[in-house]
Amino acid sequence: MVYRLCKILTLDSIFRGVSSVSHHQRALSVVAGASEILPVGEKQIRRFRTVESNPVKHDHNHAYKFYTIPLETKKQLFQHGGLPTFFEQQTQTFMETCIMIRDPALEILHYLKTADYTRPAIRYVMYGENGCGKSLTLAHILHYGLASGFLLIHVPWVPNWMRACKEVSNSATREGCVDLNLDAAAWLVHFKSQNAAILNTIDLRMSKEYVWSKREVTKEGAPLMELVELGISRVKYASECVIALIKEIKAHSTQGRCKTLVAINGFNAFFHPKTRVMTEAKVKVPPSKITLTEAFVEITKYDWCNGAVVLTVDKSGIAPDRRESCLPVYQLGKEGFEHLDPFVPICVRDYNDKELESCLDYYIDRRWLQNEKSCTEEGRNELKFLCGMNPYRLMHICAPL
Amino acid sequence: MAKCIGTVLKCKHFANIQSLQSLVPINICTWRIRNFMVHELRCRYTTYSNIPELNLENEVPKKAKVSRAMRAYLERAQKHDEFLKEQLLQYNIGKRHLANMMGEDPETFMQEDIDRAIEYLFPSGLFEPKARPLMKPPDEVFPPRKAAEFDESGRPHHFLFYTGRPNLYQLLHDLVSHTNSLNDFEDKMIKKHLIPDATQAMSTSGSVWLPKSQFEIILVEKLSDREPQYSADGRAYVTIKECLRKSARGEVTVRSPGTGLITINNKSIEYFEHIQDREQLLFPLIFTNMIGSVDVEATVAGGGPSGQSGAIRWGIAHGLRSFVTQDMVEKMRIAGLLQRDYRKHERKKPGQAGARKKYTWKKR
């Protein structure tokens with residue numbers, strides 16, 4: 001019954017137009033639950049899936065396989081952003097969050113495991129063409145950070161602030177600077193949801209007193225969460241709270257009380273002078289005049305230890321005048337490069353053959369590819385040709401099938 | 001004794017067996033053709049024919065009816081022959097004069113001496129050697145031309161005239177018959193239990209592969225590009241020039257064997273963003289099932305994505321003809337892959353909104 005209904009729906013979608021098949025409609029066709037594996041051969045499942053859902057244990061044996069992120073972890077990590085929108089919709093449809101374990105992620109995980117944390121924090125910069133998997137690799141690394149007990153400082157997508165900010169106000173404390181207070185408060189909520197658990201176990205206290213106004217004071221020795229709560233409730237001081245929080249965490253890491261993982265997606269947006277942030281006088285504000293920038297530029301320096309910094313540079317998060325190349329030096333510009341130099345560049349490439357096969361197997365397993373031809377050799381060759389081995393393209397090409 | 005005489009000319013052009021199998025069955029990969037056979041071909045085609053005369057009893061011998069075109073053709077051929085004879089005479093006289101000028105013996109004045117003399121008398125600062133003054137025998141200067149290929153009644157001299165390339169096919173025919181005779185000879189020897197003498201085996205160290213251009217000069221015929229050429233790494237390739245669609249102009253090279261690599265203007269298939277354009281490129285490959293077996297390199301300019309992708313699709317289909325069976329070529333033709341899409345942008349006419357669209361018609 002369900003099958004027939006879904007077949008009618010798909011026919012309908014063909015007549016209406018391919019892109020109109022929404023995930024919601026398609027959800028009817030996915031009969032199985034998240035953990036229930038569909039009746040595919042045992043060996044085939046082992047080919048593209050792995051049961052190991054703890055990223056700490058991921059290594060080259062699990063390469064090119066999908067692992068599932070448990071639901072609670074996903075909520076904790078990505079409730080306020082972190083996964084790309086289309087991928088998020090896909091997880092709703094498939095009723096599970098599966099990420100492929102790929103080479104760049106494995107490389108960074110290896111470095112994170114074997115790094116000397118008594119030395120200054122190492123900066124890893126991921127770069128690649130659009131749709132190659134930088135955000136999802138970052139998500140994988142974030143999961144690893146959570147599983148290994150890192151304190152997470154995660155900015156899901158910097159261009160959200162630079163090009164789609166919610167509210168702009170003039171900074172009270174800094175001359176000529178501008179605050180993005182709503183965004184800062186939203187980020188603090190995100191920080192809280194990610195780190196509440198670990199901050200309960202590790203007791204971190206403020207190292208000095210912060211005076212916000214006559215009546216609001218954060219005393220020395222107060223727990224860090226108090227600062228976060230203040231920033232969320234008093235949106236006026238949210239940006240300053242963020243800066244204070246970051247500086248505190250840096251100090252705590254250096255003293256060895258906690259280890260920190262900084263993950264920022266679209267870091268190059270902090271250094272590109274063209275933003276869409278405008279003051280009331282309709283004057284465009286460069287990132288150097290935005291208070292939030294200072295916080296994250298601060299944490300990505302190498303003057304602290306017991307931490308790691310994983311960044312991505314993305315050309316799609318920037319004004320169209322700097323989209324010729326996806327390479328980090330070009331995207332960061334002179335200022336950005338001088339700030340980040342030296343860093344470890346990591347290239348995120350298109351799918352290779354094995355990864356593509358794995359991905360197609362996964363889609364077939366999830367009943368995403370409904371067309372009979374997609375299971376055949378010929379169909380696979382066609383898909384391989386059309387997507388040009390780009391993961392994002394493959395996802396979109398398979399959507400109407 | 002199975003033995004070939006003398007140094008030979010190999011023709012690289014024929015290393016692809018498939019192109020020949022449609023014509024004549026062949027057993028072995030390489031052929032060695034005898035030098036004198038090519039020479040024979042040359043001689044055969046530079047002699048002039050005689051007009052046939054009808055022998056009738058008690059009647060004046062009548063000439064066969066000749067059409068005007070035929071006559072003109074025969075006249076042209078005769079003129080060319082005479083022209084060459086005259087040029088040869090001039091050359092020989094000039095040679096003797098030159099020898100006198102240089103103070104050398106005219107009898108023993110060779111081509112190298114001529115070259116040196118010309119270089120001395122007409123020093124040239126031009127970079128291109130072909131642009132400098134030269135004095136060579138007329139055969140080398142004027143491109144070889146075929147003499148009259150048919151007689152006055154229109155009957156061709158060569159039995160393979162109607163193939164369009166009689167010299168080429170004559171050569172192939174001779175090669176095959178010679179190969180077959182050698183095979184028969186070998187069979188006879190084997191029957192008699194005779195082993196070929198190892199010391200008298202032919203060595204091919206003196207022979208050389210001819211490129212297509214030189215081969216064309218020998219045969220005095222143009223060879224088609226449909227037969228694949230071979231690149232340095234031994235892969236066959238075909239270049240289709242003039243791939244046109246709308247305003248797009250392109251050139252496509254199909255290489256086999258390949259891994260399915262597509263390059264357009266030095267970019268991958270990402271050059272085309274829209275899936276429709278990518279599907280256009282996919283169509284010929286998936287139709288012939290050659291999707292992972294050939295590499296495609298295309299350069300295209302002009303027009304928009306639709307025109308460019310259409311041009312490359314046509315190019316790929318045309319290139320694939322050389323790597324695919326005749327049946328499949330026929331199927332491609334029926335599928336419309338080999339048809340040039342001649343549709344162009346229609347111009348807007350005055351008094352109308354577009355090419356066909358009219359302005360609102362008002363009754364009054």
Side-chain angles (χ1 to χ4, degrees), chain A residues 13-14 17-21 86 127-134 314-316 320 323-327 347-357 360 363 369 371-401, chain B residues 252-300 305-306 308-317 319-320 323-324 328 331-332 335 337:
Chain A
S13 69
I14 290 165
V18 251
S19 54
S20 65
V21 179
F86 208 86
Y127 65 97
E129 291 291 336
N130 286 345
C132 281
K134 299 184 286 294
D314 200 333
K315 65 181 180 180
S316 60
R323 287 196 186 162
E324 272 203 35
S325 159
C326 62
L327 301 173
C347 184
V348 183
R349 293 199 173 88
D350 285 328
Y351 277 156
N352 58 31
D353 283 331
K354 285 189 214 153
E355 287 173 337
L356 191 90
E357 293 288 314
L360 287 176
Y363 284 151
L369 295 173
N371 197 328
E372 305 86 37
K373 262 207 199 156
S374 31
C375 303
T376 62
E377 181 70 33
E378 210 186 273
R380 281 186 169 218
N381 279 337
E382 215 179 296
L383 287 172
K384 198 166 141 183
F385 184 94
L386 286 175
C387 72
M389 307 308 258
N390 186 286
Y392 181 78
R393 282 269 177 189
L394 182 65
M395 193 166 64
H396 282 272
I397 285 171
C398 291
L401 289 175
Chain B
V252 175
T253 309
V254 180
R255 280 177 210 276
S256 160
T259 47
L261 192 68
I262 310 278
T263 323
I264 302 157
N265 286 355
N266 290 327
K267 288 191 199 161
S268 74
I269 200 171
E270 295 286 323
Y271 179 80
F272 289 120
E273 283 176 19
H274 204 277
I275 195 174
Q276 182 187 317
D277 304 320
R278 295 184 186 193
E279 281 188 341
Q280 289 285 303
L281 301 198
L282 176 74
F283 181 24
L285 293 167
I286 207 133
F287 187 80
T288 52
N289 219 3
M290 301 279 271
I291 200 166
S293 11
V294 287
D295 284 348
V296 174
E297 282 164 36
T299 45
V300 70
S306 176
Q308 286 184 346
S309 58
I312 299 175
R313 166 183 135 173
W314 185 84
I316 296 175
L320 285 175
F323 299 110
V324 129
M328 188 49 89
K331 281 188 196 159
M332 279 211 282
L337 276 166

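Just so it is clear: chains get the letters A, B, ... in the order the sequence lines come, proteins before strands, and each one is counted from 1.
The CD1 atom of B:I275 sits 4.0 Å away from atom CD1 of A:I397, with the distance rounded to the nearest 0.5 Å. With values rounded to the nearest 0.5 angstrom, B:L281 atom CG is found 5.0 Å from A:F385 atom CZ.
For B:L282, the parts sitting under 4.5 Å from any heavy atom of chain A are the backbone and the side chain alike. Heavy atoms closer than 4.5 Å to chain A are found in the side chain of B:L285, but not in its backbone.
For A:R380, the CZ atom is densely surrounded, since the number of other residues' heavy atoms within 6.0 Å is greater than 12. Within 6.0 Å of atom OH in A:Y392, 12 or fewer heavy atoms from other residues, nucleotides or ligands are found, so the atom counts as exposed in its surroundings.
Of all heavy-atom pairs between B:R278 and A:L386, the closest is NH1-O, 2.6 Å. Between B:E270 and A:N390 the shortest heavy-atom distance is OE2-CB, 3.8 Å.
By the 4.5 Å heavy-atom criterion applied to side chains, B:E273 and A:R393 are counted as neighbours.
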